[in-house]
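Okay, so here's the structure we're looking at.
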Amino acid sequence: MSNNDRHDAKLAEFKRLHTTSEIFIAPNAWDAGTARILESIGFPALATTSAGLAFSMGVTDSSGSLTRAQVLENAKSIVEATSLPVSADLENGFGVQPDDCALTIRQAEAIGLCGGALEDASGDPENPIYDFELAVERIRVACAAKTKQNFHVTARAENFLYGRPDLEDTIRRLRAFEQAGADVVYAPGLPDIDAVKAVCQSVNIPVNVVVGLTDTTYDKADLAAVGVRRISTGGSLARAALGEMIRGASELKTQGTYRYAANAIPDAEAAAYMKSVPD
């Protein structure tokens, strides 16, 4: 099978996952190794995380910390490490203008991704969310730029992450993104299951919800019951891994003990997840 045929097959599977009646989880990998582990566990698709990538590079997860080239290079390594469909965290499209978003989508398709998420967060502390008309036009032009029908553009409304807990405006934006051609919508940071339900009832396309971002009480079954189609994990798995390392290193430094190793997987198990490289 050619690379083109493999990509088309992944795109078709990604579309199928969004159109069946079952909710699915696409956890966020931050490198090739975590992608291989998550596939081995049995997830049907993966996403990437700019936060996980940023932390691995020793920089903050903030606007401008990562370039388009860095994010797409990381995404390409994840695509090549797994047989699963992968959707990438494409931040704000790496530019203000709609054409910046279009370029990002075209390059995302070219490396074998099956989807990508674009934010309406500007990176400007004085005006952290793009004005409504610009935000919608960015999604419209990005969706028009894709050449593969099954490539899924996810449009994100970031109000709740930037001190604007306005559910009405968030829903207004998500509806407009749907009309602009988005395949999936996503509003990270929604405060409760009622807000999630309100979003799901307001649009006619799949809704993604990120878990692990805040301490919430709802689970996969609760999200399925209100109409969510896809669950992602954002940077939470990366932060969980960092948390374990910090706790282990702190024990080693302060107590001189290494009980943390009892929770570490054996070297042979770790190696079994990875690709064998010939000598």
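Worth knowing before you read on, the calculation uses all heavy atoms, side chains too, and leaves out hydrogens, waters and symmetry mates.
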Ion pair [X]/[Y], N-O distance below 4.0 Å:
| X | Y | result |
| --- | --- | --- |
| E13 | R16 | yes |
| R140 | E137 | yes |
| D183 | K146 | yes |
| D120 | R138 | no |
| D8 | K148 | yes |

Are [X] and [Y] packed together at the side-chain level, in the sense that at least one heavy-atom pair is separated by less than 4.5 angstrom?
| X | Y | answer |
| --- | --- | --- |
| K10 | L84 | no |
| D61 | F55 | yes |
| D169 | I129 | no |
| V199 | V209 | no |
| V184 | R229 | no |
| P27 | L46 | yes |
| I231 | F24 | no |
| N204 | E178 | yes |

Could you give the distance from [atom1] ([X]) to [atom2] ([Y]), rounded to the nearest 0.5 Å?
| X | Y | atom1 | atom2 | value |
| --- | --- | --- | --- | --- |
| R173 | D166 | CZ | CG | 9.0 Å |
| N74 | S50 | CG | OG | 10.0 Å |
| L90 | T48 | CG | OG1 | 7.0 Å |
| E80 | I111 | CD | CD1 | 8.5 Å |
| L118 | F94 | CG | CZ | 9.0 Å |
| Y260 | R247 | OH | CZ | 14.0 Å |

For [Y], does its backbone N or O pair with a side-chain atom of [X] as donor and acceptor, under 3.5 Å?
| X | Y | answer |
| --- | --- | --- |
| D131 | E133 | no |
| N28 | T233 | yes |
| T104 | D100 | yes |

Which pair of non-hydrogen atoms, one from [X] and one from [Y], has the smallest distance, and what is that distance?
| X | Y | answer |
| --- | --- | --- |
| T60 | S65 | O-OG, 2.8 Å |
| A198 | L167 | CB-CD2, 4.2 Å |
| V226 | C200 | O-CB, 3.3 Å |
| A88 | A75 | CB-CB, 4.3 Å |
| A102 | A145 | CB-CB, 3.6 Å |
| A81 | E39 | O-OE1, 4.2 Å |

After noting the C-alpha distance and the side-chain angles of T170 and L174, does the key distance pass the side chain to side chain contact (heavy atoms under 4.5 Å, CB included) rule?
-> CA-CA 6 Å; T170 296; L174 296 180; 4.2 Å; yes
Would you say [X] and [Y] are hydrophobically clustered, going by side-chain heavy atoms of ILVMFWY under 4.5 Å?
| X | Y | result |
| --- | --- | --- |
| F43 | I37 | yes |
| L11 | V86 | yes |
| L213 | V228 | no |
| Y186 | L17 | no |
| I41 | I25 | yes |

query = So which pairs with a foot in residues 149-179 pass ring pair (Phe, Tyr, Trp, His ring centres under 6.0 Å), sequence neighbours left out?
reply =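 Sorted pair list: F14-H152, H18-H152.
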_One pair to check against side chain to side chain contact (heavy atoms under 4.5 Å, CB included): I265 and Y273. What are the steps and the verdict?_
CA-CA 11 Å; I265 63 173; Y273 288 116; 4.3 Å; yes
Using a distance-only test with no angle check, is there a side-chain donor-acceptor pair under 3.5 angstrom linking [X] and [Y]?
| X | Y | result |
| --- | --- | --- |
| R106 | T147 | no |
| R172 | S202 | no |
| Y130 | N92 | yes |
| T49 | D89 | no |

For [X], look at atom [atom1] and say whether over 12 heavy atoms of other residues, nucleotides or ligands are found less than 6.0 Å away.
| X | atom1 | result |
| --- | --- | --- |
| Y258 | OH | no |
| Q255 | CD | yes |
| E269 | CD | yes |

- Of all residues at least two apart in sequence or in a different chain, which pass the side-chain hydrogen bond (donor to acceptor under 3.5 Å, both in side chains) check with S122?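 For S122 there are no side-chain hydrogen bond (donor to acceptor under 3.5 Å, both in side chains) partners, ignoring immediate neighbours.
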### Task
With sequence neighbours left out, write down each residue that passes side-chain hydrogen bond (donor to acceptor under 3.5 Å, both in side chains) with D124, or none if nothing qualifies.
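Scan of D124 (side-chain hydrogen bond (donor to acceptor under 3.5 Å, both in side chains), adjacent residues dropped) gives none.
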Show your reasoning for whether side chain to side chain contact (heavy atoms under 4.5 Å, CB included) applies to E91 and L66. CA-CA 9 Å; E91 301 197 342; L66 300 171; 3.9 Å; yes
### Query
How far apart are the C-alpha atoms of L223 and I23, what are their side-chain angles, what is the distance that settles it, and do they pass the side chain to side chain contact (heavy atoms under 4.5 Å, CB included) test?
CA-CA 8 Å; L223 292 171; I23 191 172; 4.0 Å; yes
